[in-house]
Amino acid sequence: MSDEPQQQNGDPTPGGWAPKDLPADAAAPGSAPDGQGAPAGTGGKKPPKAKRPKRTGWRRLIPTWRMVLGGVLLIAVILVGGFIAGYQLVDIPAANASATAQSNVYLYEDGSVIARDGDVNRENVKLAQVPRTAQHAVLAAEDRDFYSERAVDIKAMFRAGWNTLTGKGKQGGSTITQQYVKNYYLGQEQTVVRKIKEFFIAIKLNREQSKDQIFEGYLNTSYFGRNAYGIQAAAQAYYGKDIGDVTTAEGAYLASLLNAPSAYDVVTHPENKAAAVARWNYVLDGMVKKDWLGAGERAAMTFPAPGPVKPANSLSGQRGYIVQAVEDYLVAHDILDEKTIATRGYRITTTLEKKKQDALVKAVNDKVMSKTDEERGADRNVRVGGASVDPANGHVVALYGGIDYTRQYVNNATRRDYQVGSTFKPFVFTSAVANDSTTRDGRRITPSTIYDGTNKRMVQGPDGPTGYDPSNEDDVSYGPITVRTATDKSVNAVYAQMAEDVGPDKVRRTAIDLGIPKDTPDLTASPSIALGPATASVLDMTDAYATLANHGKHGAHVLVTEVTKNGESVTLPGRTVKQAVSREAADTTTSILQSVVDGGTGTAAQAAGRPAAGKTGTAEEDKAAWFAGYTPDLATVIAVMGQNPDTGAQKPLYNALGLPRINGGGAPAETWAQYTGAALRGTPVQKFDLDLEGGTDDTALPTEEDTAPGETGRRPSTTPAHTPSSTPSRTPSAPRTTPGTTDTPVGGAGNGGTTGGGTDTGGEDGGGDTGGNDNGGDGDTGGFLEGPRGTRAPTPSSRR
């Protein structure tokens, strides 16, 4: 066969090829005879091809297929080259220094040490020592396809990154291998360099170690909360047993903790139990889906409540509560996450002032704890929470979490599961002034506005009776009384109607603006909101009262001023201050709260020796007693709570401290007074500088039609009764503006005001209720208490 190229059609002389046997002067096939058709000077060569016309207009913006192909190839080369380079350059490092982690140091604002938190609690175990059910629970919680997947999940990483960028929250896209690399070889820092190293180390590690080895390392290095590193330490911390002895349900709870270690601890954060149980259910349902657990066995399981916290002795006293509160603050404000904090080595300066902290602890001991008796069963249930905030800058200057963190581990200053009672009522009045609210018959709500204080008076809405008729404490009826007197005596009937007049939605909005978290349990927009069924924390309430003290300006409280590690500072968020409510609204509220201290239920607070404003409160069934108050330069809230130390159930405070009942004007107000006096000792006495609501409108007694229980009465006029002036009035609208003077509402005179001719001295711990009924008849010596439903005192002689 010839070596010459052949045409497909069999022609042996394809165009462009000259046969070897042709004469040299023979014309090539297809050439023009006699030189015809060949341009002069071309030597018989083909004419050049015409140039492609240049693209113009919008076509110039579209890349050609050559450009697209070239770009794709270039990216591929870069990626492949980068992968090869990264794989070669990134080695598996030695284990990080977590085994010799530094302590976190917590400091007072002056630099003195509060606590050191750094003892690493870990006990490594072999994978074979961990029950298969516990292993499967962890896989169901964190990475269900761990044993079949690659070391890294590219798709999951991109999905997590996209979700984070699009505002769906920070989401993890890491496999268990990647998490182990982060825990054991790297750290928790959220940086691009760390993620790149994690990627390549995970790939290499997956080649060098088996899946069982990686999973074992992961179980031994993961953080489970309660200062427990590793699943063995976690089993001991939560259930007091070795990991080999935990049940399937307990193993599922331990696995659920990996997602949010401290937040899902239902003992230290009882308010998060619903979220923790939901995560526990997610883990068990995942085990069923993977055929690791039978559906019948899963259906029979109940949530395994963990045991009490057993912290290290270094966190005894108030130290543990402070550390817990600071860590919660850092996490809540996205400064550091739990796992990062757990790596230790941080130096954290708080806003707490040692002098004030010591004064708060001493006041609680003197006024509450020293009065408990081990022989008195009710005293076992006594708990105290306290918080103090500087209104000028929002700094938390003192916290009281409980008797001892090693004995009572729940932080009573930050827990959100006790009703705040009548300490919520000032927010209703603030909202009334802020919104220029009127009564149903069109009278503007001021301290002098008359309301009907009849016991169990039906709250009237725009469409008539609402069906809500709250009791006053001890079922006392007051008849027509001013708002100021109703505040002094904490009259439920008045404030429930006021909340309806203002609008429960507006009241709720005002409370949130003042500082109450919007997700507070039972912060429901209904007339009952006035009586305090919401379960805000002591610190939440202090935040809100500090806003009133600061003339209506609110900024979130501050607990940390500096965080450093290895000499480098961690960025802290700025603090935004805004006018939450008008100064007129806040200051007018202050004026009626001064009346509560001067002659109402909070007279014990006078012992502070400072101009003060405040409000008492009692939770339903007397399970908690509150006093929330402030001077111009310090806002403080004290709550005494009842809780069974064995079951954790809330308990009434009857007979505690040797008293028939504890109320806000007793131990809480006395504690507040001692603390405030000591905390401010040596500082100039500040007087309230108030811009009060303008002149009052019609303060005549409401008609029988307007006030009689069950009647609809008249509706507010469509035209607002009051238009605030551009310049706040400095003329007090209320009869009393000077501490120590006495309010004189319609119906007579007396300490705390008169009610239908009867005299109520309104005192506390020595002041008796000698009248107080709406007919001016025989006195009621039983006193009265504020609260959501007016629980009657155990004995007639008890007082608020």
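Side-chain atoms of Val397 and Val389, non-hydrogen and from C-beta on, never get closer than 4.5 Å to each other.
Salt bridge present: Asp689 and Arg583 bring a charged side-chain N and a carboxylate O closer than 4.0 Å. Salt-bridge check for Lys355 with Glu353: failed, with every basic side-chain N at 4.0 Å or more from each acidic carboxylate O.
Annotation: the span from Thr454 atom OG1 to Asp469 atom CG amounts to 12.0 Å, rounded to 0.5 Å. Atom OG1 of Thr636 is separated from atom OH of Tyr400 by 15.0 Å, given to the nearest 0.5 angstrom. Expressed to the nearest 0.5 Å, how far CG of Asn412 lies from CG of Leu539 amounts to 12.5 Å.
With respect to Val637, the side-chain contact (heavy atoms from CB on, under 4.5 Å) criterion is satisfied by exactly one of Asp543, Val538, Asp540: Val538.
Inspection of the Thr631 and Asp633 side chains reveals an N or O donor paired with an N or O acceptor under 3.5 Å.
The main-chain N or O of Glu620 is found under 3.5 Å from a side-chain atom of Gln419 such that the two form a donor-acceptor pair.
Arg509 is linked by a salt bridge (Lys or Arg N to Asp or Glu O under 4.0 Å) to Asp513, counting only residues two or more places apart in sequence or in another chain.
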Open item on the list: If you apply the rule side-chain hydrogen bond (donor to acceptor under 3.5 Å, both in side chains), what do you find for Thr446 with Thr449, and how did you get there?
Closed with: CA-CA 5 Å; Thr446 72; Thr449 302; 3.2 Å; yes

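A 6.0 Å sphere centred on NZ of Lys623 holds more than 12 heavy atoms belonging to other residues, nucleotides or ligands.
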